[in-house]
Structure formats: structure tokens, C-alpha cells
Amino acid sequence: MSSKPAQDHPQPQSLSDLFVSFTLLALQGFGGVLAVVQRELVEKKRWMTREEFIEDWAVAQIMPGPNVVNLSLMIGGRYFGLKGAMAALAGMLTVPLVIVLGLALVYAQFDGHPAVAGALRGMGAVAAGLIAATGLKLFGALLKNVLGLRLCIGFGVLCFVAIALLRWPLVYVLLGLGGIACIAAFRRLKP
């Protein structure tokens with residue numbers, strides 16, 4: 001993970017720009033914003049390259065807390081220090097929190113209605129599709145990964161089997177496969 005912003009691509013112009021950008025990101029996602037964050041930060045705003053995004057996303061995933069919140073803290077901190085991290089965090093959480101609290105009040109009134117249950121199931125399918133599409137978009141970056149394409153695919157398949165088919169707890173899979181992958185990457189990077 002690079003600690004300094006790259007000079008060859010745009011960056012947020014102010015704390016307000018950071019706050020508004022992350023607020024808009026948060027408002028575009030339902031049930032997860034990975035696909036939206038990747039598209040906005042890498043393709044539209046170009047605040048980071050695809051490789052930087054993958055590196056930062058990997059770090060954000062192993063940190064405690066929601067991945068995209070961790071990522072917003074990292075990006076805000078990279079450009080504006082602690083103030084930037086707090087502005088990005090506020091952008092990710094403030095307006096969505098108000099909306100979720102309002103929706104919770106509405107849901108309490110209509111939770112027994114079959115249309116509400118159907119709508120939530122449909123939104124879950126859309127969120128799964130967005131995550132799968134983002135994974136396919138980022139697949140090309142695996143060609144530059146230190147582990148190589150075959151090993152990355154192997155770890156992905158093992159992870160899928162362990163979690164989806166064998167129903168192992170995520171923490172065991174993360175510690176086991178993640179630990180093995182980290183050791184393998186470290187050995188390949190070692191001079």
C-alpha cells in the first residue's frame with residue numbers, strides 16, 4: 001500500500017470534495033458499495049489506479065470494521081491526514097445513517113407485507129450481481145499479482161468451497177487461506 005498519493009492522477013481538491021464524494025458513493029450502494037466505489041474512484045474520478053485500489057481494498061478487508069469505511073479512511077488520510085480521514089468517514093456515514101433510521105421506522109410499520117419481503121430479496125440478488133461484476137472487472141489485475149493467475153484462482157476456488165459449500169466460518173478461512181497466501185506472497189517478494 002502506498003502511503004503517499006500518486007502525482008500522476010487527480011486527487012480530491014478539498015475536505016468538502018472528499019465529504020461530498022464519499023456521501024454520493026454511500027448513497028449509490030445498497031447492501032454493499034464495492035462495485036460503486038471501484039467504478040467511481042478508479043474509472044471516473046481516477047483518484048487511484050486499479051492496482052492501488054486492489055491493494056488498498058485488500059488492506060481494508062483485513063482491518064476491523066466495514067471494508068468500504070476502512071477504505072474511505074485510508075483514502076481521506078492519504079490526501080488530507082486525520083482531517084481527511086474524518087471527512088471521508090463522515091461522508092460515508094452521515095446521510096446514509098439518517099436514511100436508514102428513517103427506513104427502519106417505515107419498515108416497522110410494513111414489515112409483515114409480502115411485497116416488502118419480495119423487494120428485499122430482489123435487492124439482495126442485485127447486490128450479489130454487482131459484486132460478481134466487480135470481481136470480473138478486476139480479474140485482469142490478477143495478471144500482475146505476485147502469486148500469479150493460477151495460484152490466485154486456486155485460492156479463490158478454495159475459498160468458495162470452504163465458505164459456500166463446506167460452510168466453514170469466515171474467520172477460519174480468512175486466517176487459514178489468507179495466512180497461506182500472505183506467506184506465499186512474502187516468499188515470492190523476498191529478494
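Side chains included, hydrogens not; waters and symmetry mates left out as well; all remaining heavy atoms used.
Checking side-chain atoms of E43 against main-chain N and O of L41 turns up no donor-acceptor pair under 3.5 Å. The backbone N or O of T49 sits less than 3.5 Å from a side-chain atom of E52, completing a donor-acceptor pair. For Y79 (side chain) and L15 (main-chain N/O), no donor-acceptor pair under 3.5 Å exists by modelled atom type. Looking at R46, its side chain never comes within 3.5 Å of a backbone N or O of P10 through a donor-acceptor pair.
To the nearest 0.5 angstrom, N145 atom CG is 8.0 Å from I54 atom CD1. Residue L18 holds its CG atom at 11.0 Å from CE of M92, rounded to the nearest 0.5 Å. For the atom pair CG of L89 and CD1 of I75, the computed distance is 13.0 Å after rounding to the nearest 0.5 Å. Between the CD1 atom in I153 and the CG atom in L158 there is a gap of 12.0 Å [rounded to 0.5 Å]. Once rounded to the nearest 0.5 Å, the distance linking OG of S72 with CZ of F19 reads 11.5 Å. From D17, atom CG reaches atom NZ of K45 across 5.5 Å, with rounding to the nearest 0.5 Å.
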Pair E40-S21, side chain to side chain contact (heavy atoms under 4.5 Å, CB included): steps then yes or no | CA-CA 9 Å; E40 291 291 323; S21 295; over 6 Å; no

Derivation of the side chain to side chain contact (heavy atoms under 4.5 Å, CB included) call for V68 and F22 | CA-CA 10 Å; V68 75; F22 278 101; 5.9 Å; no

For L166 and V161, run side chain to side chain contact (heavy atoms under 4.5 Å, CB included): C-alpha distance rounded to whole Å, both residues' side-chain angles, the deciding distance at 0.1 Å, then the answer.
-> CA-CA 6 Å; L166 299 176; V161 168; 4.1 Å; yes

Derivation and outcome, side chain to side chain contact (heavy atoms under 4.5 Å, CB included), residues F186 and L189 = CA-CA 5 Å; F186 178 76; L189 288 172; 5.8 Å; no

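The two atoms that bring P96 and A26 nearest to each other are CG-CB, 3.4 Å, heavy atoms only. Counting all heavy atoms, side chain and backbone alike, P12 lies closest to F80 at O-CZ, 3.5 Å. Contact detail for T134 and Q38: the closest heavy-atom pair is CG2-CB, 4.3 Å. Residues A60 and L71 come closest through the heavy atom pair CB-N, 3.8 Å. The shortest non-hydrogen separation linking G65 to N70 is O-ND2, 3.5 Å. Scanning all heavy atoms of the two residues, the minimum distance from V173 to C159 falls at CG1-SG, 4.0 Å.
Checking R39 against Q28 by side-chain atom types alone, a donor-acceptor pair falls below 3.5 Å.
A chain of hydrophobic side-chain contacts below 4.5 Å, direct or via other Ile, Leu, Val, Met, Phe, Trp or Tyr residues, connects V69 to L82. In the hydrophobic cluster analysis, where Ile, Leu, Val, Met, Phe, Trp and Tyr join through side-chain heavy atoms closer than 4.5 angstrom, I62 is grouped apart from V171. Tracing side-chain contacts under 4.5 Å through hydrophobic residues (I, L, V, M, F, W, Y), one reaches V42 starting from L138; they form part of the same cluster. In terms of hydrophobic clustering, with Ile, Leu, Val, Met, Phe, Trp and Tyr side chains grouped at heavy-atom distances under 4.5 Å, L105 and V116 are assigned to different clusters. Cluster annotation: W168 is connected to V157 through the hydrophobic network of ILVMFWY side chains, with a link wherever side-chain heavy atoms come within less than 4.5 Å.
Between V106 and Q109, every side-chain heavy-atom pair lies at or beyond the 4.5 Å cut-off. For the pair Y172/P169, a side-chain contact is recorded, criterion being any heavy-atom separation below 4.5 Å from C-beta on. The closest side-chain heavy-atom distance from M48 to R78 is below 4.5 Å.
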